[in-house]
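Let me begin by presenting the structure, written as structure tokens, before commenting on it.
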Amino acid sequence: EIDVLRECGRRMAHILSELADAVRPGISTADLNRLAEASIERAGGVAVFKGYVVENSPPYPAAICTSVNDEVVHAIPRDNAILREGDIVGIDIGMAWPKNQAKEFPQYSGVPLVTDAARTIGVGAISPFLARLVKKTEEALFVGVKEVKPGNRVGDISAAIEKFLSAEGFGIVRGLAGHGVGYDIHEDPIIPNYGKRGTGAYLKPGMVIAIEPMATLGGGDVRLDQDGWTFRTADGSPSAHFEHTLVLTDDGAEILTMI
Ligand code: MF3
Ligand code: CO
């Protein structure tokens with residue numbers, strides 16, 4: 001299963017980096033989604049976000065989430081959401097693999113396994129404030145990743161991310177969190193981006209988790225749009241989001257969604 005997840009994560013990381021390269025002024029977020037859907041198909045994967053259901057919202061209609069500026073996460077790609085120079089866009093992608101029996105893994109007959117990752121990308125030249133937000137949010141992800149080892153607890157990841165982002169003066173989004181992943185897009189445990197060291201579930205070899213800090217240039221409160229999916233900052237401040245899927249090994253962790 002870990003070998004299959006590795007292959008899934010590697011293929012998905014290539015797609016996410018292809019999407020990041022496609023970001024430029026004038027492209028719509030629906031264009032990015034079309035690119036993602038075609039690439040996932042070509043990779044032999046399944047777009048697991050598409051059709052995903054949560055209570056009180058319509059099924060999620062796309063393969064990726066494309067969250068611009070004050071949109072924090074889960075914004076739906078749209079033809080009329082045209083990226084402009086100076087914007088930042090968070091691209092969040094999930095994929096299950098293999099859709100059909102993979103020739104690379106003749107011995108694997110189980111269900112397709114899931115990885116989840118996100119990156120925030122500047123559109124053309126962006127302000128120094130936004131550049132710093134983006135850079136530090138990515139750093140916060142790696143500050144969390146450093147805590148991922150057997151014997152540590154979920155609270156160690158949470159506390160490390162909170163400490164780092166608070167020291168940088170950013171708002172921390174508390175209403176959304178990282179999570180277990182692998183068989184499903186969202187599994188236990190929930191991994192908040194704030195918390196107390198020495199608390200929460202113990203991390204064990206074989207666990208597969210997604211860590212995903214979300215930071216803002218203002219406060220951490222979010223609101224859900226009428227569309228039932230898009231979370232945006234309550235104060236209109238811009239927000240950045242980075243995410244990786246990791247597997248716990250005997251002595252540490254391996255990031256699955258990096259090329
Ligand atoms: N990566 C997203 C998360 O962990 C998953 C989004 S599911 C979707 O929250 F349906 F909103 F796309
Ligand atoms: Co996630």
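We count ligands from 1, going down the list as the structure has it; atoms in each ligand are counted the same way. As the structure is a computational prediction, the values presented were derived from the model and not from experiment.
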Please check if the side chain of Arg197 supplies one atom and the backbone of Ala159 the other of a donor-acceptor pair under 3.5 Å.
no
So, Asn33 side chain and Ala63 main chain: donor-acceptor pair closer than 3.5 Å or not?
yes
Flag side-chain contact, heavy atom, 4.5 Å: Arg232 against Val222:
no
Cation-pi check for Phe242 against Arg119: NZ or CZ below 6.0 Å from the six-membered ring centre and within 45 degrees of the axis, yes or no?
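No, Arg119 does not sit over the ring of Phe242.
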Phe49/His74 aromatic ring centres below 6.0 Å:
no
Contacts of the Co ion (ligand 2) with protein N/O/S atoms, counting only those under 2.8 Å:
Asp116 OD2, His179 NE2, Glu212 OE2, Glu243 OE2
Would you call Glu168-Lys135 a salt bridge at under 4.0 Å N-O?
no
Among side-chain atoms of Glu212 and His244, is any donor-acceptor pair under 3.5 angstrom?
no
For a quick test of reading the model, state the closest non-hydrogen atom pair linking Tyr108 to Gln101 and the distance between them.
O-NE2, 3.0 Å
Between Leu35 and Ala22, what is the shortest heavy-atom contact and its length?
CD2-CB, 3.6 Å
Residue by residue, ordered by chain and number, which ones reach under 4.0 Å of ligand 1 with a heavy atom?
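Under the 4.0 Å cut-off, ligand 1 touches Phe49, Tyr52, Tyr60, Cys65, His74, Asp92, Asp116, His179, His186, Glu212, Trp229, Glu243.
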